[in-house]
Structures are given as C-alpha cells and as structure tokens.
Novice: 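Sharing a structure here in structure tokens format.
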Amino acid sequence: MSNPPLLAGRHIVLGLSGGVACYKAAELTRELVRAGATVQVVMTEAAGHFITRATMQAVSGRPVFDSQWDPAPPAGMAHIDLSREADAILVAPASADFIAQLAQGRAGELLALLCLARPIERCPLLLAPAMNREMWAHPATQRNLAQVRADGATVLGPGTGSQACGETGDGRMLEAAELRDALAAFFQPKHLAGRTVLVTAGPTFEPIDPVRGITNHSSGKMGFAVARAAAEAGARVTLVAGPVHLPTPAGVVRIDVQTAQQMFDAVLPRAISHDIFVATAAVADWRPAGTQAQKIKKQGAGSAAPQLALVENPDILAAVAALPLAQRPWCVGFAAESENLAAHARAKLVRKGVPLVVGNLGPATFGRDDNSLLLVDATGDHPLPPADKLTLARQLVAEIATRMATGTETAK
Ligand code: C5P
C-alpha cells in the first residue's frame with residue numbers, strides 16, 4: 001500500500017527526440033511502468049544516435065516505432081493509431097529542434113507527425129525540454145515554446161544545473177522520478193485551480209539546551225502529502241515545515257521552522273493571503289520557560305534531576321481560525337488521538353472553531369506511509385478507509401473543495 005500506483009491504467013506514448021538526455025529515457029520508462037502505466041516508445045532518427053531501440057524496447061516491453069513507413073500497425077498508420085490509444089504523449093527529451101517543428105506544425109518524422117495528428121481535446125501533449133542553456137535562452141526557442149504552449153502543450157521543467165556540454169544553467173531535462181510525478185499530477189482533477197493553500201507539517205522542536213529538546217511524534221508525511229495533493233489539484237501551496245527529512249513536493253514553496261513560536265510567526269502573517277489553511281503539524285503544546293545556553297550537566301549519580309518549568313505555546317490553528325471572517329482562510333485541523341477518535345475530533349472541531357477536523361489514530365500512523373482518516377464536520381463523521389497517505393490527501397483535498405464550493409462556512 002505504501003507505493004501508490006500513480007499511473008495505474010494509463011497508456012503513455014513516450015517520444016524521444018535527439019539529445020544526450022535520451023540516456024534518462026530508459027530510467028523514465030522504468031519509472032512509468034513501475035507506476036502502473038503502459039508505455040509505447042516512439043523515437044526520432046536523431047534519438048537513435050543517443051540510445052538504442054533495443055534498450056527502449058527492453059524497458060518498455062513493446063516494439064519501438066521510429067518510422068511513419070513502418071507497415072506493422074493496422075492499416076500501416078502509426079501516426080493515427082498510436083495517439084488514439086494514448087492518455088497522453090510525453091516527449092522526453094524534447095530538443096530545441098523538435099519544439100521548433102511542433103511550433104511550425106511540421107510532420108517530417110513519425111513523432112512530430114503523430115503529435116500533429118493527435119486528437120487535441122483528448123490526447124494531451126507534454127514536453128520535457130532538454131538542451132544547452134544558450135539554446136534554451138535563445139529568443140527563437142522561447143518564441144517556439146510560447147507557441148506550443150498557446151497550442152495547448154504542457155512544458156515540464158526544464159531543470160537547472162550542470163550540463164553534458166560542461167556548462168551550467170537552465171535546460172536540463174527533469175529527472176525520471178520528477179517527470180513521473182509531474183505526469184501523475186497532470187492527470188489529477190484541478191479541484192483547487194486558482195486557490196492558495198497554506199499547510200503546516202511535521203513536529204516542532206522546543207530546545208531545553210543545545211543538545212536536548214521537547215518534540216512530538218510526527219514524520220511530516222501526511223502534511224507533505226496534503227501539500228503535494230493541493231499542488232496537484234492546481235493550488236499555489238506554501239508549506240511551513242517543522243524539522244523533518246522529506247523532499248519538498250514539486251511546485252510547493254517551503255519554509256522551514258523549528259519551534260512552535262517560529263511556526264506561528266511564519267503562519268500568521270501569511271494566513272490572510274491564503275484561501276485554505278490545513279494544520280497537520282504536531283505542534284508541541286509547551287516549551288521550556290527558558291533555554292539553557294550550555295548543556296545541562298548531570299551532577300553525579302543520584303543527584304537531583306533538573307526541574308523544567310514549561311510555558312504554553314501559541315495555538316496556531318486557533319489563532320488563524322479566530323481571524324475576522326473576511327481575512328480567515330478555510331481552516332482544517334488534524335487530531336492525532338490514541339483512543340475515542342470521533343469524540344475527541346468533534347470536541348476539537350468545537351474548541352478550535354474550524355469547519356473540518358481530520359482525525360487519525362496516532363500510534364497507527366506515526367512514520368508510516370499509509371493511514372486511515374475520519375473527517376468530522378457539522379454534517380457528521382465521514383471515514384476515509386485505509387490507503388497510502390497521498391491517496392488520502394487527494395481525497396481530503398477533494399472533500400475540502402466540495403465543502404468550500406457548497407459554502408459549509410462563509411469562506412473568503
Ligand atoms: O491542540 P490540539 O493538539 O489538540 O489540536 C491539534 C490541531 O491543532 C492540529 O491541527 C494542529 O496542527 C493544531 N495545533 C496548532 N498549534 C498548536 C497546537 C495544535 O496549530 N499549538
């Protein structure tokens with residue numbers, strides 16, 4: 001359950017145009033197949049100079065097409081047949097020359113031909129550019145990109161960094177896993193298009209001295225999944241993260257903090273400019289009244305233990321939920337409980353003054369990749385059965401969008 005089949009049932013035509021980034025195309029094919037997709041590879045003649053048909057056939061498990069004159073497809077029309085079966089065409093790498101061909105509507109080779117001949121409404125075209133930084137920055141390339149975007153293509157990346165030519169800059173093809181995730185995100189319904197979402201995630205850490213502190217159990221995985229799902233759904237997402245070791249989801253703006261007070265200071269000024277606030281962070285309720293500048297030393301066996309005075313941390317969610325209605329984002333709280341989930345979650349709904357609380361059983365979920373949730377709101381209790389955290393986060397995002405659309409609370 002831990003690895004969601006991101007592309008289950010999807011049929012992808014993977015086009016390779018000529019560029020050294022073709023070396024990543026084999027790994028990309030493996031990633032797409034592992035994620036549940038079937039992959040039909042189509043190569044240009046130039047791509048064949050960088051990677052062999054045999055390699056691409058082996059990793060995709062299907063014969064590779066590279067010529068419009070191939071008599072194998074029914075009626076001998078690969079340029080028609082291939083796109084009719086596809087959920088999307090992904091060209092990776094998309095070279096500067098290939099993008100120029102698309103911009104002009106040229107069809108001199110099978111790959112460009114099938115992009116032109118695809119049913120534009122139901123077979124989306126995604127391009128992962130890969131080229132030298134000067135080629136990328138050239139006005140002709142930028143003009144062609146603007147044209148292919150205007151014609152409906154989606155451009156993924158490019159990344160930035162060191163290039164095969166020895167230079168450094170924009171134009172690297174995204175990595176295989178990034179392209180897999182971008183493709184999966186592309187297929188998600190855009191429930192939150194045009195919305196802004198603020199998410200807190202992870203634990204906080206309240207220092208006692210330079211080597212010790214008070215913290216909570218939380219890997220941050222659920223909060224990061226919520227941020228990713230919101231971004232996939234078309235929102236602009238800001239993620240305020242406590243100390244966790246997780247990669248930032250694509251397209252998400254991340255702010256790292258350590259203490260509850262820092263999380264509060266990061267969230268409160270930003271809350272007003274966001275439509276939705278999802279508080280998944282496991283915020284420490286108390287912090288030491290004062291932090292010792294040096295490590296507190298043991299005074300010898302049997303000596304008195306130091307007495308820790310604690311003070312209460314600000315309640316971030318309650319503070320956001322108490323903003324005037326016109327400034328307040330639509331608030332979602334989380335409740336990690338060890339028992340009586342429904343009752344505790346409902347009590348939190350009232351205490352925090354929020355329209356939705358998401359309950360989960362803490363010990364069953366801490367650090368794991370899967371979970372089950374109980375959505376508690378004014379209309380009742382709604383369980384989301386066990387699934388990986390990304391699947392649950394996507395369901396939660398859809399539930400939030402529905403509630404905002406039906407105006408469960410007067411949102412901004
Ligand atoms: O206050 P309690 O821990 O019971 O409620 C949990 C919910 O409140 C979570 O959504 C958590 O992110 C949020 N919270 C907060 N600031 C705190 C404590 C909890 O935002 N200081």
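Both counts, for ligands and for their atoms, begin at 1 and track the order of listing. Just the heavy atoms: all of them, side chains too, but no hydrogens, waters or symmetry mates, feed the values below.
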Novice: Please report whether ligand 1 has a polar contact with Val332, defined as an N or O pair separated by less than 3.5 Å (distance criterion only).
Specialist: no
Novice: Give, for atom NZ of Lys221 and atom CG of Asp369, the distance between the pair rounded to the nearest 0.5 Å.
Specialist: 4.0 Å
Novice: Would you say Pro314 touches ligand 1, if touching means a heavy atom closer than 4.0 Å?
Specialist: yes
Novice: Does Ala281 reach ligand 1, in the sense of a heavy atom lying below 4.0 Å from it?
Specialist: yes
Novice: Does any non-hydrogen side-chain atom of Thr200 lie less than 4.5 Å from one of Phe277?
Specialist: yes
Novice: Only heavy atoms count here, so choose which of Lys352, Lys348, Glu337, His344 is nearest to atom 1 (O) of ligand 1.
Specialist: Lys352
Novice: Checking a contact table here: which protein heavy atom is nearest atom 9 (C) of ligand 1, and how many Å away?
Specialist: Phe334 O, 3.0 Å
Novice: State the atoms of ligand 1, each with its element, that fall below the 4.0 Å cut-off from a heavy-atom position in Gly333.
Specialist: 10 (O)
Novice: For atom 16 (N) of ligand 1, which protein heavy atom lies nearest, and how many Å away is it?
Specialist: Ile316 N, 3.0 Å
Novice: Touching ligand 1 at all, Met263? Heavy atoms, strictly under 4.0 Å?
Specialist: no
Novice: Pairs in or reaching into residues 335-357: which pass side chain to side chain donor-acceptor pair (under 3.5 Å), with residues at least two apart or in two chains?
Specialist: Asp315-Lys352, Glu337-Lys348, Arg346-Asp381
Novice: Only one of Leu174, Val91, Asp181, Leu183 clears side-chain contact (heavy atoms from CB on, under 4.5 Å) with Leu156; which?
Specialist: Leu174
Novice: Can you check whether Leu373 reaches Met222 side chain to side chain, under 4.5 Å on heavy atoms?
Specialist: yes
Novice: Among Asp377, Leu384, Val278, Leu375, which residue meets the side-chain contact (heavy atoms from CB on, under 4.5 Å) test with Val358?
Specialist: Leu375
Novice: Examine the proximity of ligand 1 to Asn313 and report which part, side chain or backbone, both or neither, has a heavy atom under 4.0 Å away.
Specialist: neither
Novice: Would you tell me which option among Val320, Val283, Val358, Val199 has the nearest heavy-atom contact to atom 17 (C) of ligand 1?
Specialist: Val283
Novice: Between Ser95 and Asp97, is there a side-chain donor-acceptor contact under 3.5 Å, judged purely by atom types and distance?
Specialist: no
Novice: Quick one: do Arg30 and Glu27 make a salt bridge, cutoff under 4.0 Å?
Specialist: no
Novice: Check this for me - ligand 1, Ala279, N or O atoms closer than 3.5 angstrom, yes or no?
Specialist: yes
Novice: Where is the nearest protein heavy atom to atom 20 (O) of ligand 1: which residue, which atom, and how far?
Specialist: Leu317 N, 2.8 Å
Novice: Can you tell me which residue pairs pass the ring pair (Phe, Tyr, Trp, His ring centres under 6.0 Å) test with a partner in residues 203-223, sequence neighbours excluded?
Specialist: His217-Phe366
Novice: Evaluate Ala284 for polar contact with ligand 1, using N/O atom pairs at a separation under 3.5 Å.
Specialist: no
